[in-house]
Every structure is written in structure tokens, then in C-alpha cells.
4 protein chains.
Amino acid sequence: MPRRKTDDKHAAILRAAIQVIAERGLSAAPTSAISKAAGVAEGTLFTYFATKQDLANALYIDIKLQLAEKLFAREPDAANARGLMQHHWNRFVQWGVANPSHLRVLDQLTASGMISPKIAAEGSAPFAQLEQMVRAAIRSGVLRKVPFLLLTSTFEAMAQNTIRQINAGIETPGKLRRLGFEILWRGLAVRPDE
Amino acid sequence: MPRRKTDDKHAAILRAAIQVIAERGLSAAPTSAISKAAGVAEGTLFTYFATKQDLANALYIDIKLQLAEKLFAREPDAANARGLMQHHWNRFVQWGVANPSHLRVLDQLTASGMISPKIAAEGSAPFAQLEQMVRAAIRSGVLRKVPFLLLTSTFEAMAQNTIRQINAGIETPGKLRRLGFEILWRGLAVRPDE
Amino acid sequence: MPRRKTDDKHAAILRAAIQVIAERGLSAAPTSAISKAAGVAEGTLFTYFATKQDLANALYIDIKLQLAEKLFAREPDAANARGLMQHHWNRFVQWGVANPSHLRVLDQLTASGMISPKIAAEGSAPFAQLEQMVRAAIRSGVLRKVPFLLLTSTFEAMAQNTIRQINAGIETPGKLRRLGFEILWRGLAVRPDE
Amino acid sequence: MPRRKTDDKHAAILRAAIQVIAERGLSAAPTSAISKAAGVAEGTLFTYFATKQDLANALYIDIKLQLAEKLFAREPDAANARGLMQHHWNRFVQWGVANPSHLRVLDQLTASGMISPKIAAEGSAPFAQLEQMVRAAIRSGVLRKVPFLLLTSTFEAMAQNTIRQINAGIETPGKLRRLGFEILWRGLAVRPDE
DNA sequence: CATGAATGAGGGTTCATTCAT
DNA sequence: AATGAATGAACCCTCATTCAT
């Protein structure tokens, strides 16, 4: 599908939405403010997103995609499970620290109840390869036999928490990132010390 | 002597607020709906809470207090650190599972940006004794030497995640609760297996 | 009619009303603010004045009465018409300058449309002796033969304007008061220079 | 090209505001009633006037401008100071009698305290040429040497009073208009009879 | 398609008045 | 009589959405 010239506006609106929502909160982010920040007329927003809901959903997917892109941008050096996991952990945390707005908006959207389960599932799709990796690690006995969803959600919850602590500035980013992963790995690996 | 302000109505409004906000989301929860659910006139809400913000803040404190009460209701049997921590972990998770609305509202409030740091701090106060316990465990070498705030926030993040997974119904509540704690403890304890 | 103890509150409310209305404007002066300023409970106000309207009317009458009292407090020295008129002019202007709140409230009440013609008439009653004086002066050929109401309203309009100019501080109070009267007298007297 | 803001609607809202405020009083004139009277949706009023205050200010300026227009519409026949002054007096009074609503609204606005000094000054600007005329007459010795502001405010106060008396119907409009001016001229002129 | 004025339902809050105590 | 909590109608203003240009 070829990109049209107007995809510029589509993207501009999404970008503006992130900025405005991060600054003011989802419910205090009128579509008028978003369109203005995007350099677009108020009505134009609605030719790209029929509804504020639709915009919210698109934004959710968009941010998740951006995260996935960063996560899988480079091939990891390491071949063993721990190295792989740490690689993605680092990417995740680095992305979150570099894009606090995105994470904040993701929080807002998740908490808002505007994101339907269907959209939420769609947002998880790009992480399929990460899931494969985890499943393989469980099968091969490197990770503990824990319900799959508990495991992945723990990864995400701890990564997000680590990012929050880094942004709160309680310690060096690098140290927190390393410590966070250590906690996670010790919690999940069968033989953490190997 | 006039009609006196009753704890009755104060509590009824808070209860109604939790219900309505949990159902519809904070920003989609008009004060009119809250007062109606509380069985109170629209204006009455504002004799108890001058502002929707004030209501939000009060709600935040209230829920935190309820949680703290459950957490510290009974003296834990165990004397060792692991037992103590598990005791409180269990209480936390049980409370979250029993009161999904409360947790959802807490999320909403936290994400909304309506909660000032001052109120947030006030909401943490009742957990002081938990903090003491954690600090002692670190000092005595039972828990790993990890920045205090990273540790406590990890506890909270993992507990909340565990509650979410239980509510999603992916596994038996008891099993998830036990597994969740195991992951946490392995991650944080110096010698997890003892 | 003997004054009751409760007349204290009646008067306190009127006094408070003047203060609050002068400060904030009639429509921005809630009865709650007035009762508070009067040191009285909100409901109490309504045992003395059944309605905000009633309070407004009572206030109108009250201020007019206060003005009349000042106007006729002392017997004028002068015996001729000019001296008499000037005496009352001076009293009027001095009262207005000393009580800017009262005049401002009178303006507000008059402009508000809350004052019925009946009440307005009642407010004019205390000035009957002034009217007699004016009628006599017309009959005796000292004042020009001008419709009575035009004459008295001119007196009032010019006095109020003079007060306003004094309060605006464009010139010495004494000078403005004298000049104002001179303009009035020259305008109304048959032989101004005698 | 979108719908453009029309002078049409702008004017319609101002006209409606005058009508509604004159009838019910400023504070009892809801914006909803004004927009309805203007044949416009409630929200539309706020695309033309961001605030009720702004509407009030605009209304003040608008009425003052209308008055100024009438005042200076035709060149006066007379060349001498008295003729000039009488010409403008007549115009003022005629306008006031023909537009009782406008005057009433002006009163309301002035008394309301919503009109900032800045706006008040702006409303006086169109009368600059009248001021020039008065200053010239003072310099040339036709009008008495009286503080300028006292003089102009007296003109206005007496004109408004005359209008009120005419509207009260105590005498023929023409007669009151002539008498009013006579009183004013005698009061202000150095040699009234020439 | 793009624009931004127009729309009107809805929201938080105020306030005169009532009424239980 | 005094109190002040309770009431609910109104009010000003916002904002997602529509539509004429």
C-alpha cells in the first residue's frame, strides 16, 4: 500500500496527540488542542479518525508498534536465553526512559477504559516473537514453569516500574536497569546464577 | 442545633464514587451520577467535597487507608522475614481480588494526574510499618541490598500485576498468588531457598 | 414600638449587606456571604428577610432613611431659600463622600430592577419636608417654575454626580461641592446672583 | 473555505443581549436566553464572545458607539457654542428616549462593575470631538471655568435624568428637553441670557 | 479534502431557600 | 428563634462532532 501525501497529517495528529495527552492528561486533551498542535484544522482530525475513541485506539496501537520496532530493531548479540531477555529488557527500559510521554500516554489509555480488549490484543501482536522466545525458554527448562501470561505480564510490569523509578531519579539509570533485570531474572530463571 | 454533617453521607459519597468511577472511568463519572448513586442531592456532594478534585484526593486517601487496614488487620503468625512479607503479600492480593473496583479507581486516580505529590505522600504514610519491616530485612541481610524505593515499588507492581492476572482468570487465584510471591521472593531475597 | 433584642441581627444583616454588595456587586453577593459577614447563620437571614428581594427592598429603604436622617439632623442656620438648599446639598454630598458604599449600593439596587415603584415611593417619603421647601421656593418665585419632579430629580442627579467626581479625586472635595452647587443654583434660581 | 464568522451574528447577539438585559436585568439574563433571542445556538455565542464579561464589554462599547453616531450624524446648524451644545443635548435626549433599552443596559453595565476602566475609557473615545468643543467653549469664555470632567459629567448626568423624567411621562418630551437644557445652560454658561 | 464556524448536550459548581434539629 | 446541612434548579462554559463553504 503506497503512502499518500496525507499520511503526513495522520502521523502529525498522532504525534500531537501524544504530546498533548502527556502534558494535560487524556480527559483534559480536547480534540481541538490536538488538531491545533498538529497544525491542522479542527474538522480535519475527524477525516483521519472518525471519533476520539478511534484516535485513542490508533494511538494505542501506534505507540505499541513504536515500542516493538525499537525492541526488535537490532539483532541481539547473545544467543543464550538470559542474554536474549536482557537485550530486550534493556531496549524496553531505554525506550521508556527516552520516551516518557509515550509511556505516560499508554498508561492513560490503558486506565481510561477506552481501549477495547480487541484493540489491546492487536497491540500485543507485534510482540509475538518475544512470546516465542519466552515459550522456548520455558520448554527448554531455563525459565521456571509459570503460566505464560503471568510471566510476560511480570516482565512488562517490572520494566514499567523500573522506568518509573529511573524517571523519578532515585538512582543512576544504568544501575536501576541492571538491578531491575537481576530481580526479574532471579525471580523467573530456574538456575539464576548460571 | 441544625442537621450535622454525617460520616454517613461522607462515606456514602465515597462509596458511590468508587462504584461509578470503576464502572465508567473517572472523567466519565459526572458528580451528578455520583451523588445520585449516593442517594444524595447534587449539591450535597459539594458540602462534603468542595471540588471534584477534592473528592478525588479524598477517595485516593480513603482507598489507601482501606488497603492499609486490611494489610495490618491481623498480626502475622510468622516471625521470619519471608513469612512476614508473604503475609502482607497475601493480604494485598486478597484485598485487590476482593475489591477490583478499588484497585481500578486507584489506577484511574494515579493516571489522571489529579493526585498531587502531597496527597500521594499522605497516601503512603499508613504503610510506614511495612517500610520499617523492609528496611530491617535489608539491614539484616535477608533481602538484597537494593534501593529501597525500587524494592517497595517492585512489591507493589508485582502485587498489582498478580491481582490483574487473577481477575483475568488465567489460573486459580491461590496458585497465582503463590507463584507471584515466589517470583518476588526469589528476585529479592539473598538466599531464596532457605 | 420597643426594640427587641433581635433588632440587633436585623441591623447587622443590613450593615453586612451594604458592605458585601458594595465590595462585590449585588449579583455577586450571595446571601451566604451576607449572613456570614453579619455573624449570623445562613438560615437566620431568612427569618428576618423572607427573600433576597425583601432584603434588597429593606436595604433600599434603610439607606434612604439614613440619608434623610443626616440631611435633617441639624437645623440649618440660613433662613433664605439659597441657604436652605445649600445646607441640604452640603449634607447630601458630605454623606455620599463619607459613605461611598451606601451610594454604590443604592446605585446597584436602583439599576437592578429589584426595587418596585411602590418601594421607590416609600423611599422618597422621608424627604417630604425637602419637597415642601422646594415647593415653597417655587411658589415664592425664588426657584424657576419647573415641573417639580424635574427639579428634585435634577438636585439628586447633580448631587450624586458631584459625589462621584469627588470620589474620583479630580479636585478638592470642598471646591467640587461648592462648584456643583453653584451650577445647580444658577440653573434653577430665578435670580441666581442675589 | 469554511463558514466564516459573520457580522450578522455578532450584531444579532448584541441586539439580543440589549433586549434581554433590558427586560430582565444583567444578572438575570442567562447567556442561553440571549443566544436564543439571537436565533443562535447556545455555544455559538461563545465563538463570538469568549465570556459573558467579554459580551458585556463589547455591548458597552457598542452602545456608546451607537450613541456617538447619533450624536454626530448631522452637522449642527448653529455656529455659536450654545447652539452647538443644544444640538448635541437634543440628540442625546432624543436617542435616550427612542432607545430606552440601550440606556437601561448602559446603567446596568456601569453599575455591575463588570466594565473595566480600560473599557470605560475606550467607550469615551468616540466623544472626543464633543470634548474639544467643550474645551474650546471654556477657553473662549463662553462656558464657566469649571473642571472639565465635572462639566462633561454634569452634561451626561442631566441628560440622563431628563430622559428618565421623559420616560416617566411627567410632562411633554419636548418641554422637558427644552427645560433640561435651559437648566444646564444657565448653570454652565458665563452669560446665560445672551 | 480542508477548513473552522455552528451546534447543543453535558458538566462542575453556585446559591436562594427549606427544614430537621 | 437559631443553626447550617440539604436541596435542585440554573448558570456559564466546554467540547466532540457536523456541515456549509
Side-chain angles (χ1 to χ4, degrees), chain A residues 4-6 9 27-36 39-56, chain B residues 1-6 8-10 27-36 38-56, chain C residues 4-6 9-10 27-36 39-56, chain D residues 1-6 8-10 27-36 38-55:
Chain A
R4 308 253 209 72
K5 236 198 289 175
T6 48
K9 276 175 189 156
S27 65
T31 54
S32 62
I34 295 172
S35 50
K36 191 175 180 184
V40 158
E42 288 188 33
T44 303
L45 187 150
F46 290 91
T47 72
Y48 290 87
F49 308 94
T51 286
K52 201 188 183 184
Q53 265 249 38
D54 290 351
L55 172 58
Chain B
M1 216 195 313
R3 267 177 271 185
R4 319 251 70 224
K5 261 197 248 188
T6 57
D8 224 40
K9 269 173 192 139
H10 187 95
S27 66
T31 52
S32 60
I34 295 172
S35 51
K36 192 174 180 183
V40 158
E42 289 190 29
T44 302
L45 186 149
F46 291 93
T47 73
Y48 288 87
F49 307 94
T51 287
K52 200 187 182 185
Q53 264 245 44
D54 289 352
L55 172 58
Chain C
R4 309 255 208 71
K5 234 198 291 175
T6 49
K9 275 173 191 156
H10 187 97
S27 66
T31 53
S32 62
I34 295 172
S35 52
K36 190 176 180 183
V40 157
E42 289 187 33
T44 303
L45 188 149
F46 291 90
T47 73
Y48 289 88
F49 308 94
T51 286
K52 201 187 182 184
Q53 266 249 38
D54 290 351
L55 171 58
Chain D
M1 221 195 307
R3 268 177 270 186
R4 318 250 73 226
K5 262 197 247 188
T6 58
D8 225 36
K9 270 175 190 134
H10 187 95
S27 65
T31 53
S32 62
I34 295 172
S35 51
K36 192 174 180 182
V40 158
E42 289 189 29
T44 301
L45 187 149
F46 292 94
T47 75
Y48 287 87
F49 307 94
T51 288
K52 200 187 182 185
Q53 266 247 40
D54 288 353
L55 173 58

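The sequence lines fix the lettering, A, B, ..., with proteins before strands; numbering per chain opens at 1.
One atom, CG of A/Leu45, and another, P of E/dT3, lie 12 Å apart when rounded to the nearest Å. Atom CG in B/Asp8 sits about 15 Å away from atom P in F/dA5, given to the nearest Å. At whole-Å resolution of the value, NE2 in D/His10 and P in E/dA5 are 14 Å apart. Nucleotide F/dA10 holds its P atom 17 Å from the CD1 atom of D/Ile34, rounded to whole Å. Here the C1' atom of nucleotide F/dC15 and the CG atom of A/Leu55 are 14 Å apart, to the nearest Å. Nucleotide E/dG8 holds its P atom 12 Å from the NZ atom of D/Lys36, rounded to whole Å. Rounding to whole angstrom units, NZ of residue D/Lys9 and P of E/dG4 are separated by 17 Å.
Between D/Thr44 and E/dT7, a side-chain N or O to OP1/OP2 separation shorter than 4.0 Å is present. A sub-4.0 Å separation between OP1 or OP2 of F/dA1 and a side-chain N or O of C/Thr47 is absent.
For C/Phe46, there are no ring pair (Phe, Tyr, Trp, His ring centres under 6.0 Å) partners two or more places apart in sequence or in a different chain. The ring pair (Phe, Tyr, Trp, His ring centres under 6.0 Å) test applied to B/Tyr48 returns no partner, not counting sequence neighbours. When the side-chain contact (heavy atoms from CB on, under 4.5 Å) test is applied to A/Thr47, the partners found at least two apart in sequence or on another chain are A/Thr44.
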Mind listing the side-chain donor-acceptor pairs of residues 27-35 of chain C below 3.5 Å, one per line with the distance, residues two or more places apart or on another chain?
from: C/Ser35; atom 1: OG; to: C/Thr31; atom 2: O; distance (Å): 3.0
from: C/Ser35; atom 1: OG; to: C/Ser32; atom 2: O; distance (Å): 2.9

What string of B, S and - do you get for nucleotides 10-15 of chain E, 5' to 3', when a contact is any protein heavy atom under 4.0 Å? -SSBBS
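Nucleic acid contact class of B/Tyr48 (heavy atoms, under 4.0 Å, all strands): sugar-phosphate only.
For B/Thr6 (side chain) and B/Lys9 (main-chain N/O), a donor-acceptor pair under 3.5 Å exists by modelled atom type.
For DNA chain F, each stem of at least three Watson-Crick or G-U pairs (distances under 3.5 Å) is given as range with range: E:2-21 with F:2-21.
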